Amino acid sequence: VQLQAFGGGLVQAGGSLRLSCAASGRTFLVMGWFRQAPGKDREFVAGVSRTTGNTVHLDSVKGRFTISRDNTKNAVYLQMNSLKPEDTAVYYCAARTSLWVSQRGDEYEYWGQGTEVTVSS
């Protein structure tokens, strides 16, 4: 089982980036994104259910970030608009076999490598 995340980079405040994560080896019912800024704890950003299509977003990214998934490709995406310097972090793709989206990182069994997002002011 492997999760491969990509799409990070350096962008100016107000700009946009689209992160992608492709899963191989099995199908996951829930996929999501977490992030960890320097010196801070990892935090949930967004998650999506394969079966219900239900999405959950961190309050501070609502209206700016949108998670989506392509079940035919077993992939999940994070469209990030109106980026702010405080969005700077390493972003991780994660997946769990349970039906429900969770905001707890310890409830995700599989993790991809991080992709770094840097937003300059």
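Numbering of residues begins at 1 and proceeds along the displayed sequence. Remember, predicted model here, so these are calculated numbers, not experimental data.
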Please output the side-chain donor-acceptor pairs of residues 23-37 that fall under 3.5 Å, not counting sequence neighbours, one pair per line with the distance.
from: Arg35; atom 1: NE; to: Glu43; atom 2: OE2; distance (Å): 2.6
from: Arg35; atom 1: NH1; to: Asp87; atom 2: OD1; distance (Å): 3.0
from: Arg35; atom 1: NH1; to: Tyr91; atom 2: OH; distance (Å): 2.9
from: Arg35; atom 1: NH2; to: Glu43; atom 2: OE2; distance (Å): 3.0
from: Gln36; atom 1: NE2; to: Lys40; atom 2: O; distance (Å): 3.1

Distance-only donor-acceptor hits, side chain of residues 103-110, under 3.5 Å, sequence neighbours excluded:
from: Arg104; atom 1: NE; to: Asp106; atom 2: OD1; distance (Å): 3.1
from: Arg104; atom 1: NH2; to: Asp106; atom 2: OD1; distance (Å): 3.3
from: Arg104; atom 1: NH2; to: Asp106; atom 2: OD2; distance (Å): 2.7
from: Glu107; atom 1: OE1; to: Ser102; atom 2: OG; distance (Å): 2.5
from: Tyr108; atom 1: OH; to: Ser102; atom 2: N; distance (Å): 3.4
from: Tyr108; atom 1: OH; to: Ser102; atom 2: O; distance (Å): 2.6
from: Glu109; atom 1: OE1; to: Thr97; atom 2: N; distance (Å): 3.2
from: Glu109; atom 1: OE2; to: Thr97; atom 2: OG1; distance (Å): 2.8

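Between the OG atom of Ser20 and the CD atom of Gln4 there is a distance of 11.5 Å, given to the nearest 0.5 Å. Here the straight-line distance linking atom CD of Glu86 with atom OG of Ser60 works out to 8.5 Å at 0.5 Å rounding. Interatomic distance, CD of Gln79 versus CG of Leu17, reported as 8.5 Å (0.5 Å rounding). Put simply, CD on Gln12 and OG1 on Thr118 are 13.0 Å apart, with the number rounded to the nearest 0.5 Å.
Leu83 and Leu58 end up in the same hydrophobic cluster when Ile, Leu, Val, Met, Phe, Trp and Tyr side chains are linked at under 4.5 Å. Tracing side-chain contacts under 4.5 Å through hydrophobic residues (I, L, V, M, F, W, Y), one never reaches Phe6 starting from Tyr77; they form parts of separate clusters. Val11 and Val90 fall into different hydrophobic clusters, where Ile, Leu, Val, Met, Phe, Trp and Tyr side chains are chained together by heavy-atom contacts under 4.5 Å. Cluster annotation: Ile67 is not connected to Tyr92 through the hydrophobic network of ILVMFWY side chains, with a link wherever side-chain heavy atoms come within less than 4.5 Å.
The shortest heavy-atom contact between Met80 and Val117 is CE-CG2, 3.9 Å. Scanning all heavy atoms of the two residues, the minimum distance from Thr66 to His57 falls at CA-NE2, 3.5 Å. Scanning all heavy atoms of the two residues, the minimum distance from Ser121 to Pro85 falls at CB-CG, 3.8 Å. Among all heavy-atom pairs drawn from Arg69 and Asn74, the shortest one is NH2-OD1, 4.2 Å. Heavy atoms only, all atoms of each residue included: Asn81 and Ser16 are closest at OD1-OG, 2.9 Å. Among all heavy-atom pairs drawn from Arg64 and Ser82, the shortest one is NH1-O, 2.9 Å.
Counting heavy atoms from C-beta on, the side chains of Leu19 and Phe65 never come closer than 4.5 Å.
Judged as a side chain to side chain contact (heavy atoms under 4.5 Å, CB included), and not counting sequence neighbours, the contacts of Trp100 are Arg96, Ser98.
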